[in-house]
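Below, chains carry the letters A, B, ... as their sequence lines are ordered, and counting in each starts from 1.
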Amino acid sequence: MPELPEVETVRRGLVPAMVGHAIKHVEQRRPDLRFPLPENFAGRLEGRTIESLERRGKYLLAHLSDGALLLMHLGMTGSFLISQSEKARGKKISRSGKLVVPTSRGTHDHVVFHMSDGATVTYNDPRRFGFMLLVEPEERDTHPMLRQLGIEPLGEELTAAHLAAKAHGKRTDLKAFLLDQRIIAGLGNIYVCEALYRAHLLPTRGAASIATATGKPTAKAEALVTAIRDVLNDAIGAGGSSLRDYRHTDGKLGYFQHRFAVYNRAGKKCPREGCGGTIERLVQSGRSTFYCPRCQR
DNA sequence: AAAAGCCCCTGGACGC
DNA sequence: TGCGTCCAGGGGCTTT
């Protein structure tokens, strides 16, 4: 799933098709994703224009012209595909007289947005861990799904001092700390592994070890902040990672997975020049961690 | 209050 | 070819 770089890539892909355009029609093909879709979902969207599309952590927030917010999360396997409607590209009729639907309809296409400019935006999600909710404008920061979110890692709030202050006194290991969306919003299993590798820090070390006894940042906290920013920016620059069913809004793949140093590379050589170590896998709080035991301390 | 498990769901990879 | 097992980018909820 989509972590911050993938969600940001999706957001950028959706903007031309959705922002500034009205939602003409919504096809809702099942009553629920992870949660039930909102009451009268299509009716509350149709006729509204999407004024902007924001990302907050791993969430997407579409600001609608009536003030409402369409809150969307991709879960593990959610993706959007943009295509042109039959009308916009001209209906194709086969010799038998049947309408040929230009876009193949996947079995897990759950919601289809038909936009006023002729684009269709299809939400596909095999595991249905994703969700869509409608949120009142004043709930932008207080809705239960958003209230607890921590800082944006690409904003100015991510500093060594901030991280150290949050880590001070924590009993968890550093990996669980970074995965906690209440601390930093948007990091997931891949980019936490990659950031820890870049910062030369063991995922199993205590979170509090990036701070002094009084909660001040150490050099480790500085290295971690730099590593987090760099890995996220590199991944966004590469269009995110495409693992399994994850795709861009245009159906193309993201290429960052070719640059994973540790994620999913157990048994392979550490890519660092002259290291010669082997990437190992371990399980922390039920999830795979990949790291280089020679580079990371 | 914080931390650790369990669970939601589908599908792909792998072993037999 | 078929079946069983394990694993997967997340996160809410329940239990300790």
Side-chain angles (χ1 to χ4, degrees), chain A residues 1-11 29-37 55-60 71-80 106-110 123-133 135 143-150 153 166-196 203-208 228 231-232 235-236 238-248 253-267 281-290:
Chain A
M1 106 26 107
E3 302 180 30
L4 187 152
E6 289 74 40
V7 177
E8 179 59 24
T9 301
V10 166
R11 190 193 69 78
R29 297 188 176 156
R30 53 174 302 126
D32 60 321
L33 296 170
R34 174 170 186 172
F35 307 118
L37 285 158
R55 181 191 56 71
R56 176 76 175 99
K58 300 174 196 171
Y59 291 85
L60 288 171
L71 177 65
M72 300 178 281
H73 195 288
L74 304 177
M76 292 274 268
T77 56
S79 65
F80 287 97
T107 44
H108 300 296
D109 290 350
H110 305 308
Y123 179 70
N124 180 283
D125 189 352
R127 291 175 75 179
R128 302 199 305 277
F129 286 170
F131 52 87
M132 296 186 189
L133 300 174
V135 170
H143 187 277
M145 297 287 184
L146 303 168
R147 185 177 49 211
Q148 303 240 62
L149 285 182
K166 290 286 187 187
H168 180 57
K170 283 274 192 303
R171 309 259 167 161
T172 34
D173 54 44
L174 190 51
K175 191 199 177 197
F177 173 76
L178 294 175
L179 277 176
D180 187 341
Q181 301 299 295
R182 297 170 300 179
I183 310 293
I184 299 175
L187 294 180
N189 207 32
I190 292 176
Y191 297 107
V192 165
C193 290
E194 294 294 317
L196 286 168
T204 48
R205 72 166 41 244
I228 290 167
V231 75
L232 294 178
I236 291 171
S241 312
S242 296
L243 290 174
R244 301 179 185 84
D245 42 9
Y246 175 71
R247 285 272 197 290
H248 285 190
L253 301 168
Y255 290 98
F256 192 75
Q257 77 274 18
H258 301 303
R259 297 203 223 152
F260 290 164
V262 291
Y263 184 80
N264 222 4
R265 296 193 68 244
R281 172 185 182 270
L282 61 82
V283 175
Q284 286 176 287
S285 49
R287 314 194 58 186
S288 291
T289 297
F290 301 91

Would you call the rings of A/F260 and A/Y191 parallel, tilted or perpendicular, where under 30° means parallel and over 60° means perpendicular?
perpendicular
What is the distance from CD of A/Q148 to P of C/dG12, rounded to the nearest Å?
8 Å
A/H108 meets the side-chain contact (heavy atoms from CB on, under 4.5 Å) criterion, sequence neighbours left out, with A/H110, A/N124, A/P126
Under 4.0 Å from OP1 or OP2 of B/dT10: is there any side-chain N or O of A/R128 that close?
yes
Could you list all N or O pairs between the protein and nucleotides 3-6 of chain B that sit under 3.5 Å apart?
| unit_1 | atom_1 | unit_2 | atom_2 | d |
| --- | --- | --- | --- | --- |
| B/dA3 | OP1 | A/R171 | N | 2.8 |

Parallel, tilted or perpendicular, judged at 30° and 60°: which one describes the rings of A/F290 and A/Y263?
perpendicular
Just to verify, what does A/D173 make a side-chain contact (heavy atoms from CB on, under 4.5 Å) with, not counting sequence neighbours?
A/K175, A/A176, A/Q284
Can you tell me how far P of C/dC13 sits from CZ of A/F131, to the nearest Å?
10 Å
C/dA8 phosphate, OP1 or OP2, under 4.0 Å from A/S288 side-chain N/O:
yes
Set of side-chain hydrogen bond (donor to acceptor under 3.5 Å, both in side chains) partners for A/R205, sequence neighbours left out:
A/S209
Pairing string, 5' to 3', for DNA chain B - Watson-Crick or wobble contacts under 3.5 Å, brackets [ ] where pairs cross, | to another strand:
.|||||||.|||||||
Distance check, P atoms only: C/dT14 and B/dC9, in whole angstrom units.
16 Å
Would A/F129 pass as stacked on C/dG10, i.e. its ring centre under 5.5 Å from the base's six-membered ring centre and planes under 30° apart?
yes
In whole angstroms, how far is the P atom of B/dC8 from the CG atom of A/L74?
22 Å
If I take atom CG in residue A/L33 and atom C1' in nucleotide C/dG12, what distance separates them, rounded to the nearest angstrom?
15 Å
No-H, no-angle donor-acceptor pair, A/R287 side chain to C/dA8 base, under 3.5 Å
no
Of all the choices, C/dG10, C/dG11, C/dA8, which nucleotide is nearest to the side chain of A/R281 once you look at every atom?
C/dA8
Residues that A/Y59 engages under side-chain hydrogen bond (donor to acceptor under 3.5 Å, both in side chains), provided they are two or more places apart
none
Tell me: CZ of A/R34 to P of B/dC9, nearest whole Å?
10 Å
Rounded distance (Å) that lies between atom P of C/dG10 and atom CD1 of A/I184
14 Å
With A/R56, which residues qualify under side-chain hydrogen bond (donor to acceptor under 3.5 Å, both in side chains), at least two apart?
A/E152
What's the CZ-P distance between A/R127 and C/dG11, to the nearest Å?
13 Å
Just compare B/dG11, C/dC7, C/dG10 and give me whichever is closest to any side-chain atom of A/H108.
B/dG11
A/Q181 (side chain) donor-acceptor with A/L179 (main chain) under 3.5 angstrom
yes
Nucleotide B/dT10, atom C1' - distance to CE of A/M76 in whole Å:
11 Å
Listing request: all salt bridge (Lys or Arg N to Asp or Glu O under 4.0 Å) pairs with a residue in residues 180-190 of chain A, at least two apart in sequence or in separate chains.
A/D180-A/R182
My understanding is that only residues two or more places apart in sequence, or in another chain, count here; which of them pass side-chain contact (heavy atoms from CB on, under 4.5 Å) with A/K170?
A/T172, A/F177, A/I183, A/A207
Residue list, side-chain contact (heavy atoms from CB on, under 4.5 Å) with A/A208, at least two apart or on another chain
none
For the side chain of A/Q181, starting at C-beta, report the closest nucleotide among B/dC9, C/dA8, C/dG11.
C/dG11
Which residues share a side-chain hydrogen bond (donor to acceptor under 3.5 Å, both in side chains) with A/R281, sequence neighbours left out:
A/S288
Write out a two-atom table: protein N or O, nucleotide N or O from nucleotides 2-6 of chain C, distance below 3.5 Å.
none

